[in-house]
Amino acid sequence: MFTLPELPYAYTALAPYIDEATMHVHHDKHHATYVKNLNDVLAGQDALLVLPVETLLADLSRVPEAIRTKVKNNAGGHANHSLFWEVMAPHAGGVPTGAILTAINATFGSFQKFQEQFSTVALNHFGSGWAWLVSDHGKLAITDTANQDSPLSDGKTPILTIDVWEHAYYLKYQNMRVEYIKAWWNVVNWVEVEKWFATFVS
Ligand code: MN
């Protein structure tokens, strides 16, 4: 069985950048529904129900073909949101330090260039989906995925992500995805991102 993780902070904690109403509907309704649908579609598949959701996404071929798309969508919805909550925090943002900053500078030229490139990918993603900083076989890269697809299914390891589905920002920012992305940088939890980086890249 998969379970909905609690937010690692209060629903109000990311305001004014992400408002309380958005956090409630996003976590309690959208994320909760992916978890419920994943459990429902895997009912009776005991060997799959005990796998970490990341393992499931990394090798979807072990899922029976008749339910594979549904599993991909809902497992992705669960894993993507779980990471999204973790890589945000109140009193965060700014510029990272340490090994991840060194790697970002080496890969993208500077932190500012990384931020611009990531924001552009997030802004230009057509329709619902996610922008990502990933480890692609040990090398940092920026990418995007449609709907609830996970980079794990392409053999890449997520380090940082932003949800650009309209449900992530429409209540506060309406159609202004660009304003949401700009605000979101203020809640990026670089301490947590550094941990993911240390685990999977360095
Ligand atoms: Mn979402």
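For ligands, and for the atoms within them, numbers begin at 1 and follow the listed sequence. Note that these values count all heavy atoms, side chains included, but never hydrogens, waters or copies made by symmetry.
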Tell me whether His31 has at least one N, O or S atom under 2.8 Å from the Mn ion (ligand 1). no
For the Mn ion (ligand 1), find the closest N/O/S atom on Asp163 and give its atom name. OD2
Evaluate whether atom NZ of Lys70 has more than 12 neighbouring non-hydrogen atoms of other residues, nucleotides or ligands under 6.0 angstrom away. no
Ion pair Glu116/Lys113, N-O distance below 4.0 Å: no
So how far is it from Asp136 CG to Ile142 CD1, rounded to the nearest 0.5 Å? 12.5 Å
With no hydrogens and no angle check, just 3.5 Å: does a side-chain donor-acceptor pair link Asp19 and Thr22? yes
Look at the N, O or S atoms of His26, main chain and side chain alike, and state whether any lies under 2.8 Å from the Mn ion (ligand 1). yes
